[in-house]
Amino acid sequence: MTIPVFRFAPSPNGSLHLGHAFSALLNQKMAHEMAGRLLLRMENIDRERCAPELEHLMLDDLEWIGLTWEQPVRRQSEHFPLYQQALDHLIEMELVYPAFLSRSGIKQEIERSNIDDWPRDPDGAMLYPPTERLLSKREQKSRMDRGHPYAWRLNMDRALEAAGIELTWQEFGSHEHKVKARPQDWGDVIIARRDMPTSYHLSVVIDDALQGITHVVRGRDLYHATSVHRLLQHLFGIDPPLYHHHRLILDDEGNKLSKSRKDTSLRSLREQGITRQEICNLIGL
Ligand code: GLU
């Protein structure tokens with residue numbers, strides 16, 4: 001029998017809050033119940049927003065709440081060449097294209113289309129206008145050579161065609177069920193952001209596979225993103241892990257906690273003299 005492998009994968013771009021504590025400790029609890037392992041990964045591809053000092057504080061907060069993880073900690077910033085390889089694979093398969101529209105360019109393009117109810121992705125953002133799928137190789141190259149900034153986006157229609165089957169994923173835990181993936185709801189998602197060979201979606205899929213993750217436990221806010229992950233896994237020939245998307249810890253007004261809010265950060269709660277046990281009570285664990 002294989003040993004279950006769990007991971008907690010925060011982005012060190014702010015301070016950990018009660019929601020992270022819940023996610024981390026739930027991972028630990030489930031891993032423990034299944035006699036599994038728990039790994040820690042720093043999702044720090046964004047070199048501008050993720051700072052080593054923030055990572056240091058995070059590790060300290062995680063230790064304080066009683067999380068224990070296996071060494072070494074994986075840092076995505078140390079694996080860019082690997083993500084580049086995966087990106088190159090998608091480029092060779094002609095499943096991604098360079099996308100040059102800026103935020104205002106996207107808006108203009110959508111206005112020009114005269115479509116009133118332009119579709120939105122599950123996070124509420126307008127889908128990327130797919131017009132640049134049609135740019136010739138020559139035009140793409142010429143814009144790139146002239147230094148136009150661009151991101152690599154998935155040609156969703158082509159990717160779905162290449163996948164060829166309906167994808168699903170398995171939720172485990174208290175409500176086991178199979179979920180039909182709907183990557184098409186995301187349109188032409190970003191696979192590699194400007195000036196970097198990757199994005200959250202690409203790195204998370206590659207890393208979960210390379211770290212041998214069998215059980216992904218994360219917040220419901222990433223439920224719909226799993227559709228994109230399933231598509232990428234399929235295109236790379238990766239066996240999917242099982243997923244458990246847990247409830248989110250909300251503030252008194254019912255809003256998701258944010259890394260910029262001080263009052264629910266573990267650091268400030270700690271400074272107010274709150275104990276680890278009280279944190280567990282607050283998050284209902
Ligand atoms: N790094 C992501 C975050 O902090 C979590 C990624 C994941 O668990 O898949 O929101």
Side-chain angles (χ1 to χ4, degrees), residues 2-44 54-55 57-71 73-74 76 169-179 200 203-205 207-209 211-227 229-230 240-252 254-259 261 263-270 274-285:
T2 53
I3 299 177
V5 186
F6 290 71
R7 57 34 166 209
F8 179 58
S11 299
N13 55 11
S15 24
L16 290 179
H17 53 58
L18 286 172
H20 296 109
F22 179 69
S23 200
L25 292 174
L26 185 64
N27 264 287
Q28 176 153 284
K29 183 170 179 279
M30 290 181 130
H32 180 74
E33 284 166 0
M34 296 173 70
R37 301 164 53 201
L38 176 60
L39 309 182
L40 181 63
R41 179 167 79 227
M42 288 293 159
E43 301 213 319
N44 61 349
L54 289 172
E55 179 186 316
L57 290 174
M58 271 195 175
L59 292 172
D60 191 58
D61 282 342
L62 290 173
E63 257 175 46
W64 178 71
I65 58 165
L67 196 78
T68 49
W69 58 88
E70 280 180 27
Q71 296 295 340
V73 173
R74 184 179 174 90
Q76 291 190 326
W169 79 82
Q170 185 66 36
E171 286 277 326
F172 76 99
S174 41
H175 297 289
E176 272 182 31
H177 62 285
K178 200 183 246 187
V179 185
Y200 160 62
S203 302
V204 82
V205 161
D207 282 355
D208 281 341
Q211 292 192 286
I213 305 300
T214 57
H215 292 71
V216 170
V217 175
R218 60 184 177 194
R220 268 212 72 95
D221 49 344
L222 291 171
Y223 183 85
H224 294 291
T226 310
S227 287
H229 304 167
R230 283 297 296 114
L242 302 174
Y243 289 91
H244 176 77
H245 292 94
H246 60 69
R247 68 183 164 89
L248 299 178
I249 304 287
L250 304 175
D251 66 11
D252 295 339
N255 301 313
K256 233 177 88 174
L257 302 181
S258 96
K259 280 198 178 114
R261 260 184 72 162
D263 55 336
T264 47
S265 83
L266 295 181
R267 187 106 333 221
S268 68
L269 293 167
R270 229 173 127 171
I274 290 202
T275 64
R276 177 186 126 72
Q277 187 52 49
E278 283 166 331
I279 297 279
C280 290
N281 295 345
L282 273 174
I283 57 183
L285 261 185

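If you read the sequence from its start, that first residue is 1, and numbering goes on from there.
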*Given the side-chain rings of Phe6 and His32, with only the six-membered ring counted for Trp, is the space between their centroids under 6.0 Å?*
no
_Checking side-chain polar atoms at under 3.5 Å, does Arg41 have a donor or acceptor matched by the opposite partner on Gln211?_
yes
*Any side-chain heavy-atom pair from Leu59 and Met42 closer than 4.5 angstrom?*
yes
*How many angstroms lie between NE2 in His215 and CG in Asp208, if you round to the nearest 0.5 Å?*
12.5 Å
*Could you tell me how the ring of Tyr243 sits relative to the ring of His245: parallel (under 30°), tilted (30 to 60°) or perpendicular (over 60°)?*
parallel
*Residue pair Val73 / Gln71, side-chain heavy-atom distance below 4.5 Å*: yes
*Got Arg218 and Arg7 here, is their nearest side-chain heavy-atom distance under 4.5 Å?*
yes
*Quick one: are Asn13 and Glu43 in side-chain contact, heavy atoms under 4.5 Å?*
no
*Report, as yes or no, whether the 6.0 Å neighbourhood of atom CG on Leu285 holds more than 12 heavy atoms from other residues, nucleotides or ligands.*
yes
*Taking side chain as C-beta onward, heavy atoms only, is Pro240 less than 4.5 Å from Arg230?*
yes
*asked:* For a 4.5 angstrom cut-off between non-hydrogen side-chain atoms, does Tyr200 reach His229?
replied: yes
*Going from CD1 on Ile274 to CG on Leu18, what distance comes out if it is rounded to the nearest 0.5 angstrom?*
8.0 Å
*Given side chains that start at C-beta, do those of Ser227 and Trp169 come closer than 4.5 Å, heavy atoms only?*
yes
